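Structure first, then comments.
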Amino acid sequence: MAKVLMKGNEAIGEAAIRAGCVHFFGYPITPQSEVPEYLAKRLPEVGGRFVQAESEVAASNMIYGAAGVGMRVLTTSSSPGISLMAEALSYIAACELPVVLVNIMRAGPGLGGILPSQGDYLQATKGTAHGDFDLIVLAPDSVQEAVRLVISAFELAEKYRNPVMVIGDGMIGQMMEPVEFPDEVKGPPLDPGDWALTGCAGREKRIINSLYLDPDFADRHNRKLKAKFERIREAEQRWEAYNCDGPCDLLVVSFGMMSRICKTAIEELKAEGFKIGLFRPITLKPYPYEALRKAADKAKRIISIEMNMGQMIEDVKLAALGTKPIDFFGMAGGLVPSPDDVVAALRDSLKKAGAGGKAR
Amino acid sequence: MASTEVLMAGFGGQGMLLSGKLLAHAAMTLGKQVSWLPSYGPEMRGGTANVTVCVSDKPVGSPYITRPTALLVMNQPSLEKFGSRVREGGLIVINSSLIPIKSDRADCKVLYVDAAELARKAGTARAANLVMLGCYVGWSDIVERESVVKEIEEEFSSKAKFIPANVAAYEAGYEAGLKLRGGA
Amino acid sequence: MKKIFSYTEGLTRRPTHYCPGCTHGVIHRLVGEVVEELGLRGRTVGIAPVGCSVLAYEYFNCDMFEASHGRAPAVATGAKRTRPNLIVFTYQGDGDLASIGMAEIVHAANRGEKFTTIFVNNAIYGMTGGQMAPTTMPGQHSTTSPGGRNCDEAGYPIRVAELLSTLTTPAYIERVAVHTPAHTIRAKEAIRKAFELQAEGRCYTFIEVLSTCPTNWGLSPRESEKWLENVMMPYYTLGVKKRPEDFDGGIFHGKH
């Protein structure tokens, strides 16, 4: 298929259709409302169903119902809406249902603002909701990668029967970039396996449930979920290492759209003779600790650059295990660090690292 | 051309987001790497709206640009806000129909175009945004003249009666840009 | 010998955990019988609530979800919209449906979701230990209204069947009781009607069943039946509140 120029939010909607998902339940919230708007028009054309829920609370329980009867399903929201979905996510993860959700993050905390942010990193990767469970979290850095990762999210959700979150900031939702979609729509519907509630004709009844009154059973179930996440951790880590081949003065760690701003800043400083690497985790969970550790080994110093007040830096610290000094630069509230802002932050870190660059 | 970053700004509803889209799409069709990043917010109409279009031979790094190489402004608040940010040696295109002041940037090339008047003569006063785009393309040669015409035809395909006036507005702007460049 | 009574295939053989004198078991039985008699069991999916009937997924002999508190109508929406051939029902108590889940029930009904809700109203929170429900009667004692429900502060009990019947969207809505054999027979007819309408794809269907809670009411089972009849029924009047044939065509009288 030829390239088309498309808004990130609309491309996310189309990607779901190409992944064979024709069911959407959601609620409008800026800056992701173009996803439900696009799918409200598009899904009836492909024989699908679009439902505008009364709230994110309802939408998240609708996807629980749809996934529970064995149907591929998507919801999308933005930060405050994801908080409202947290309860259902815990149930969905507990019941091992394959759903995909997208968080186009906006500035917080509270009602916050509608401008871009990466303020939900810790919510997505650590404390999404009550209980022990793990999401798979994917962070694209372009509209094209958003399409790839949404399709990939459905594959991962079904392979592991686990909720998968694709997380981006308001920029990726609102911007247009050229994008190519796979021609073929994924054919076979989701395999209902031995778990989906399709009606008990000809078989024993099935139950989708996360009430565990027996603590021994509950402990076993928690261990099973953790063992599943260990398999995911082994097999599914993804990252991009840019300029990380040899020793470097500084290693930048950044994800999503922020990493592209960092790339522009790195290129600018390259001309001055500074060698700066960029490590971009694509799976925020499972986080590529080992790969980051290897990249960090070659660097004098590390800086984590995020559109928040320092969230992913917790994982950067875990990866570096105290071997390298780690700086942080970030802005919040909807402010996006410009390439110039990043250059200034990198200069500070380079100075601390004792890097000289070319004589200027 | 390595990479060009164009910031287009005006009141919401003046059509700069559309101008940016036409430019981005034309450049993409010509095989360039592009990005289109709008300001967004509750100001659907009125207020200010702007969009940054990056056109490059290489993958676009940051689509978020604070120092563009070119600025197209439809109204005075946008010139006041963004005029100082244009890179040294860059280009500023000013809609002189609505902006009575001059740019103080001696280090940039500044074009003044009577966009509203040219649009009105072309048959639609609403197409000042396309005059501005035409002027920029005529001056810069960033994309081929015809490629934007095709984009306009495509954009208005469901409202075909608007095509001739919109194309004429773009062409009028293009000629103005060409003339200011000193071309034929 | 003639067999005049047996288990219903609509329920599992598992003994229920309900208190003596509670009518949840009767209501389960009626739903199970209807599902079996209409031949729908093989394509039915039920959704259990949070509350006394949280374990309903163990008792109904069909595929079952357990939903979070109040969200059963949203779960039902997701299931029914994506697999319209399923017969879907929610089984919810008054804390679940009329308090925490009020938004979900109103909007599911208003969208005209083609599933059935069995709403069990016993005027109290049972499982959590007898706290005040939105349906608790004026002056009724509960652990969170120790002096009796004070309507100046807590408002008056919510009549959910009547509330939902004000919606324009077509629906079948009826309130029934199961404290006497005659009422129980009528309740089964209502439940059957609801599942039939669903099977025909007609409309949203909602059956409110007045139920007893001797344990938290502090009454004997026999006294509970009397209390239901004398205190609840005058306020929560029985009968059909809305029929799909009452639909006026949804004519919007304003101007677009």
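What you are looking at is a predicted structure, and each value in this text was computed from that prediction instead of being measured. Atoms considered below: every heavy atom in the structure, side chains included; atoms not considered: hydrogens, waters and symmetry mates. Every chain is numbered from 1, with letters handed out A, B, ... down the list of sequences.
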Check: Going by heavy atoms in the side chains, are C/R83 and A/T198 under 4.5 Å from each other?
Finding: yes
Notebook entry, point to check: What part of A/F25 gets closer than 4.5 Å to chain C, counting heavy atoms only: side chain, backbone, both or neither?
Noted result: side chain
Item checked: Atom CD of A/E45: over 12 foreign heavy atoms under 6.0 Å -> yes
Note to self: Please find the pair of heavy atoms, one from C/A74 and one from A/A58, that lie closest to each other, and give the distance.
What the structure shows: CB-O, 3.5 Å
Item checked: Greater than 12 external heavy atoms within 6.0 Å of A/Y212's OH -> yes
Check: Does A/N61 reach the main-chain N or O of C/V75 with its side chain, forming a donor-acceptor pair under 3.5 Å?
Finding: no
Next item on the list: With a 4.5 angstrom heavy-atom cut-off, could you sort out which part of C/R111 is near chain A: side chain, backbone, both or neither?
Entry: side chain
Note to self: Let me confirm one number: the CG-OH distance from A/L211 to C/Y57, rounded to the nearest 0.5 Å.
What the structure shows: 4.0 Å
Checklist line | Residue-level contacts of residues 77-96 of chain A with chain C, using a heavy-atom cutoff under 4.5 Å | finding: A/E87, A/Y91
Next item on the list: Examine whether an atom of A/A196 lies under 4.5 Å from a heavy atom of chain C, and if so say whether it belongs to the side chain, the backbone or both; otherwise answer neither.
Entry: backbone
Checklist line | Any C/E104 side-chain heavy atom under 4.5 Å of A/E54 side chain | finding: yes
Item checked: Heavy-atom check, side chain of C/F65 versus side chain of A/N209, under 4.5 Å -> no
Check: Can you say whether A/F24 sits under 4.5 Å from chain C via the side chain, the backbone, both, or neither, judging by heavy atoms?
Finding: neither
Note to self: Counting C-beta onward and ignoring hydrogens, is there a side-chain heavy-atom pair between A/V69 and C/V88 closer than 4.5 Å?
What the structure shows: no
Notebook entry, point to check: What part of A/I207 is in contact with chain C, defined as an atom under 4.5 angstrom from a non-hydrogen atom: side chain, backbone, both or neither?
Noted result: both
Check: Highest number of heavy-atom pairs under 4.5 Å with chain A: which of C/N85, C/L55, C/V106, C/T77?
Finding: C/T77
Note to self: Contact between A/K205 and C/T12 at the side-chain level, heavy atoms closer than 4.5 Å - yes or no?
What the structure shows: yes
Notebook entry, point to check: Within residues 161-171 of chain C, which positions have a heavy-atom distance to chain A below 4.5 Å?
Noted result: none
Notebook entry, point to check: Between A/G68, A/A201, A/C200, which shows the greatest number of heavy-atom pairs under 4.5 Å with chain C?
Noted result: A/C200
Check: Do other residues, nucleotides or ligands put more than 12 heavy atoms under 6.0 Å from the CZ atom of C/F247?
Finding: yes
Checklist line | Residue among C/L86, C/I87, C/I47 with most heavy-atom pairs under 4.5 Å to chain A | finding: C/L86
Next item on the list: Please report the shortest heavy-atom distance between A/V57 and C/R71, naming the atom on each side.
Entry: CG1-NE, 3.2 Å
Check: Between A/V22, A/V51, A/V73, which has the largest tally of heavy atom pairs under 4.5 Å with chain C?
Finding: A/V51
Margin query: Does atom CZ (A/R203) have a neighbourhood of more than 12 heavy atoms from anything else shown, all under 6.0 Å?
Written below: yes
Notebook entry, point to check: With a cut-off of 6.0 Å (strictly less than), are more than 12 heavy atoms of other residues, nucleotides or ligands near NZ of A/K41?
Noted result: no
Notebook entry, point to check: Going by heavy atoms in the side chains, are C/P84 and A/R49 under 4.5 Å from each other?
Noted result: yes
